[in-house]
Amino acid sequence: MSAKLVFADGHSHTNPVKGLGIRNIAKKFKQVNGWFIALVSLPPHHYGLDETLEGYKKSFDILINECRVAREEGLRVTCFAGIHPAEIDRMVSQDPKHSEKVIEFAEQALNYIAKLVKDGLIDGIGEIGRPHYKAAPESFIASEIILRRALEIARDLQCPVHLHLEQGGFVTAKSIADAISLLQLNREKVILHHVDVLTSVHAQSLGLLFTVPGKLPILSEVFKRLKPVYMIESDFIDDPKRPGVSSYPWQIVENQLKLLSEGMVSEEYLYKINVDVITRVYGVTPP
Ligand SMILES: [Zn+2]
Ligand SMILES: [Zn+2]
């Protein structure tokens, strides 16, 4: 392995209650020259907590502690707290005619997240957005209202935001490009996460930032089709009961090295997506 090649995970979750937790993950990730992780909160039930405002606050405390441990283990980290759109859908589905309660709840949670950003305890908002699967129209529009509110907060605080969206190709990218213009957001702060190949191509042509899952079939496509101005993610959920759902952070490194050894990508390209983009977007110092 080349001495200068180091690797970033642009979007990952850890669960110190039921899974490996960042202490173990960081050690293994560092063994494959991992240097940076963007850590994102999991919905409270993943940690055995209630889906109440109190439960959310406790889940953010867990996240903040995981970020502290990551730094202790020698990783650079940015820290994101949010309300997953699948949770919004679940809440709206329980009582679709009273969705104002869900909006109110999300507002309270977002205000708390904003306070955590202002206090310097976390760095940004995420994940937030729209369901990636077919959901009731009420769920979709509720998610959209909450997404817009989160984007306004991100703009006012000048903080980054991770978006979880449907993978609709052009319309997905265009809706976010339009929101950025309408709300006058900084383009460098809005990251579409877990985008598929088609959506990534449209996102890149509209000048948006995004992360792609570090799976082999996806990487071999995007390395051919995209300029190196995006990031790679594991979207690891650290749930021992669902091991195949996402990649381990070290697997996304193995996949990049495999494609490098096959001549499908250059060291320079990998350096740009694993270091240059990360340092520019998150303002962290390179390794
Ligand atoms: Zn997501
Ligand atoms: Zn995620």
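We count ligands from 1, going down the list as the structure has it; atoms in each ligand are counted the same way. Computed over heavy atoms, backbone and side chain alike; hydrogens, waters and symmetry mates excluded.
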Carboxylate-amine/guanidinium proximity below 4.0 Å for Glu152 and Arg149:
yes
NZ/NE/NH1/NH2 to OD/OE distance under 4.0 Å, Lys58 and Glu54
no
Of all heavy-atom pairs between Val117 and Asp123, which one has the smallest distance, and what is that distance?
CG1-O, 4.2 Å
The criterion is side chain to side chain contact (heavy atoms under 4.5 Å, CB included); which residues satisfy it with Lys272, sequence neighbours excluded?
Pro228, Glu268, Asp276
Using a strict threshold of under 4.0 Å (side-chain N to carboxylate O), is an ion pair present between Asp95 and Lys101?
yes
Might you confirm whether atom CD of Glu104 has over 12 heavy atoms from other residues, nucleotides or ligands at distances under 6.0 Å?
no
Under 2.8 Å from the Zn ion (ligand 1), the protein N, O or S atoms found are Glu127 OE1, His164 ND1, His193 NE2
